[in-house]
Amino acid sequence: EKLHWKQEFGVTEECAVISVGQFIPRKGMDLLLHCCKDLPENTGVYIVGGTPPQEYLTICEENHLSNVHFLDFMPKDRLMKFFRAMDVFALFTREDIWGLVINEAMAAGLPVVSTDHCIAALELIRSGEEGIVVANENLEQMKKALLTLTGSREQREKMSARAIDRIQNYTIENMASEHNRIFTQKGNRS
């Protein structure tokens with residue numbers, strides 16, 4: 001199925017990393033770009049978020065990043081299909097109150113690399129199981145995590161299966177039930 005979606009979207013690299021978000025400093029796309037120069041040649045990086053600012057283009061130019069592709073925002077249904085063509089999801093956010101895109105990536109079966117400043121990553125990812133959680137702004141950890149996942153299809157497949165299993169519990173119904181349980185429990189203590 002992944003090969004089908006890669007062909008559908010024109011993804012030619014053996015391994016493809018995706019990141020999605022606004023091109024604003026707190027999303028950490030610059031951090032991802034700084035890690036790209038160390039990725040294997042057969043790895044492409046697809047950054048969905050609109051027209052890149054000059055800063056990002058300069059980083060690409062200075063580091064000869066021909067493997068980086070900037071894409072405009074996509075409607076949700078198209079993005080979910082695009083996720084299926086990808087192999088790894090990366091979000092090196094400097095700050096995210098939640099980070100819903102982590103849920104979406106895991107639902108599409110992607111192992112995730114994110115920072116310890118993304119609450120969704122902290123709540124959903126058991127580092128080494130469904131993905132890897134790295135320290136905020138730690139480029140060495142970020143590079144190592146990306147290299148671990150881009151370098152091993154077997155590792156990606158294991159984490160992919162675990163991501164799907166884990167995210168199945170995070171439904172609106174389950175969250176509402178848990179909130180109700182907490183509110184009811186607190187109400188009984190009053």
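Everything quoted here is computed from the prediction, not taken from an experiment.
The closest side-chain heavy-atom distance from Met86 to Val11 is below 4.5 Å. Taking the side chain as every heavy atom from C-beta outward, Leu147 and Leu39 approach each other to under 4.5 Å. Side-chain contact between Asn103 and Ile167 is present, with heavy atoms from C-beta onward closer than 4.5 Å.
For Leu100, the CG atom counts as densely surrounded, since its 6.0 Å shell holds more than 12 non-hydrogen atoms of other residues, nucleotides or ligands.
Screening residues 90-148 for ring-ring contact (aromatic ring centres under 6.0 Å, His included) gives no qualifying pairs among residues at least two apart or on separate chains.
One finds a salt bridge joining Asp96 and Arg26 here, because a Lys/Arg side-chain nitrogen approaches an Asp/Glu carboxylate oxygen to under 4.0 Å. Remark: Lys158 engages Glu154 in a salt bridge, criterion side-chain N to carboxylate O under 4.0 Å.
Put simply, CG on Leu149 and CE on Met159 are 5.0 Å apart, with the number rounded to the nearest 0.5 Å. Between the CD atom in Gln141 and the CG atom in Asn136 there is a gap of 10.5 Å [rounded to 0.5 Å].
Minimum interatomic distance between Gly49 and Phe73 (heavy atoms only, all atoms of both residues): O-CE1, 3.0 Å. Of all heavy-atom pairs between Ser127 and Val133, the closest is OG-N, 3.0 Å.
Residues Gln54 and Thr58 bring a donor and an acceptor atom of their side chains to less than 3.5 Å of each other.
In this structure, the side chain of Glu130 engages the main chain of Arg126 through a donor-acceptor pair within 3.5 Å.
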Checklist entry - side-chain contact (heavy atoms from CB on, under 4.5 Å) between Val101 and Phe83: does it pass, once the steps are laid out? => result CA-CA 11 Å; Val101 71; Phe83 274 145; 4.0 Å; yes
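Under the ring-ring contact (aromatic ring centres under 6.0 Å, His included) criterion, Phe82 pairs with Phe9, Tyr46, sequence neighbours left out.
When Asn138, Thr148, Asp38 are each tested for a side-chain hydrogen bond (donor to acceptor under 3.5 Å, both in side chains) with Lys143, only one passes: Asp38.
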